[in-house]
Amino acid sequence: GAVVSQHPSWVICKSGTSVKIECRSLDFQATTMFWYRQFPKQSLMLMATSNEGSKATYEQGVEKDKFLINHASLTLSTLTVTSAHPEDSSFYICSARDRFDGRVGEQFFGPGTRLTVL
Amino acid sequence: GQNIDQPTEMTATEGAIVQINCTYQTSGFNGLFWYQQHAGEAPTFLSYNVLDGLEEKGRFSSFLSRSKGYSYLLLKELQMKDSASYLCAVSTEYGNKLVFGAGTILRVKS
């Protein structure tokens with residue numbers, strides 16, 4: 001149980017284009033999902049907290065107009081990187097909290113999406 | 001502010017025991033998680049501590065002292081596949097974010 005999927009697992013795009021990444025909780029309902037980015041040999045940096053049916057909460061320094069987050073259902077959150085530039089190239093990881101179960105604060109992680117912007 | 005410290009890198013020999021320390025100073029505490037992350041993959045759950053003491057789970061054990069803001073992850077009978085990054089994370093608010101340490105890269109040599 002507690003499986004989270006991400007799609008795509010990797011994507012290469014041209015500078016200036018937009019890329020959408022999907023995060024799905026496959027066997028549980030997730031009222032809260034989180035989006036992280038991770039640079040090589042560094043830890044996870046929380047970008048935003050996504051709550052089902054409401055606006056995402058962005059961390060300080062993260063541009064909400066550039067990283068659009070939508071959490072339209074209890075099993076799906078999407079992150080859209082708009083007008084991507086090479087500096088947006090990174091490993092993006094989502095996680096989800098089980099609505100009904102799990103330890104306090106526990107998050108289940110997706111397999112990540114490797115974004116490369118040319 | 002939130003601060004979680006871990007050593008950057010450690011090296012140990014196959015079959016040995018290694019202890020990875022984590023100290024934290026956070027505005028609240030609702031539990032501490034240890035995750036394992038192999039390069040290019042998502043973190044996977046290893047252990048959880050919310051009360052003081054030792055939690056044992058096979059070759060992995062984790063210890064917590066809330067009064068000292070200190071935890072460690074103990075890996076026994078090291079295997080080559082244990083080479084990975086180990087992340088310490090604290091749940092600071094009920095049902096909300098995890099604050100991650102920078103991670104400790106463990107290299108297991110034969």
Side-chain angles (χ1 to χ4, degrees), chain A residues 1-7 9-10 21 23-25 30-52 56-60 62 89-116, chain B residues 1-10 20 22 24 26-51 55 57 62 64 66 71 83-107:
Chain A
V3 178
V4 176
S5 71
Q6 271 184 251
H7 178 81
S9 55
W10 60 270
I21 303 171
C23 177
R24 293 181 184 272
S25 55
T31 51
T32 304
M33 290 183 169
F34 303 86
W35 287 96
Y36 297 85
R37 74 188 286 185
Q38 185 177 34
F39 292 105
K41 298 186 179 181
Q42 294 186 25
S43 191
L44 283 73
M45 184 193 81
L46 179 65
M47 299 174 66
T49 302
S50 166
N51 295 296
E52 186 263 339
T57 303
Y58 290 81
E59 295 299 299
Q60 193 171 9
V62 178
S89 298
S90 189
F91 192 50
Y92 292 86
I93 303 176
C94 74
S95 69
R97 284 189 44 73
D98 190 320
R99 185 183 186 191
F100 297 114
D101 200 4
R103 304 167 183 86
V104 175
E106 183 171 22
Q107 297 176 21
F108 302 100
F109 288 86
T113 297
R114 173 79 54 194
L115 170 64
T116 302
Chain B
Q2 322 282 25
N3 193 46
I4 299 181
D5 288 319
Q6 305 177 233
T8 306
E9 295 185 14
M10 299 181 73
I20 303 174
C22 171
Y24 63 90
T26 57
S27 56
F29 182 84
N30 279 298
L32 186 145
F33 295 83
W34 283 96
Y35 287 90
Q36 180 191 61
Q37 186 181 26
H38 287 98
E41 299 180 12
T44 55
F45 171 81
L46 287 180
S47 70
Y48 171 74
N49 295 73
V50 66
L51 299 176
E55 293 283 340
K57 198 175 181 181
S62 58
L64 175 68
R66 288 172 297 170
S71 173
S83 293
S85 181
Y86 291 84
L87 306 174
C88 172
V90 174
S91 172
T92 60
E93 302 168 59
Y94 182 81
N96 210 331
K97 318 186 258 194
L98 289 177
V99 179
F100 281 86
T104 299
I105 297 173
L106 174 65
R107 294 189 175 87

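The sequence lines fix the lettering, A, B, ..., with proteins before strands; numbering per chain opens at 1. A quick note: this is a predicted structure, and the numbers were derived from the prediction, not measured.
With rounding to the nearest 0.5 angstrom, the CZ atom of Phe109(A) is 6.0 Å from the CG atom of Leu98(B). Note that CD of Gln38(A) is 9.5 Å distant from CZ of Phe100(B), once rounded to the nearest 0.5 Å.
Of all heavy-atom pairs between Ala42(B) and Pro111(A), the closest is CB-CA, 3.7 Å. Residues Gly40(B) and Phe91(A) share a closest heavy-atom pair of O-CZ, 3.4 Å. Here the closest heavy-atom approach between residue Ser43(A) and residue Leu87(B) is recorded as OG-CD2, 3.8 Å.
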Validation: residues 44-52 of chain A side-chain donor-acceptor distances under 3.5 Å, sequence neighbours left out:
from, atom 1, to, atom 2, distance (Å)
Ser50(A), OG, His71(A), ND1, 2.8
Ser50(A), OG, Ser77(A), OG, 3.3
Asn51(A), OD1, Thr32(A), OG1, 3.3

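No other option in Gln6(A), Glu59(A), Arg114(A) has as many heavy-atom pairs under 4.5 Å with chain B as Glu59(A).
Residues forming a ring-ring contact (aromatic ring centres under 6.0 Å, His included) with Tyr24(B) (at least two apart in sequence, or on another chain): Phe29(B).
Atom NE2 of His38(B) sits in a crowded spot, with more than 12 heavy atoms from other residues, nucleotides or ligands closer than 6.0 Å.
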Check step by step if side chain to side chain contact (heavy atoms under 4.5 Å, CB included) holds for Lys97(B) and Thr57(A).
CA-CA 11 Å; Lys97(B) 318 186 258 194; Thr57(A) 303; over 6 Å; no

Full working for side chain to side chain contact (heavy atoms under 4.5 Å, CB included) between Glu106(A) and Tyr48(B)
CA-CA 9 Å; Glu106(A) 183 171 22; Tyr48(B) 171 74; over 6 Å; no

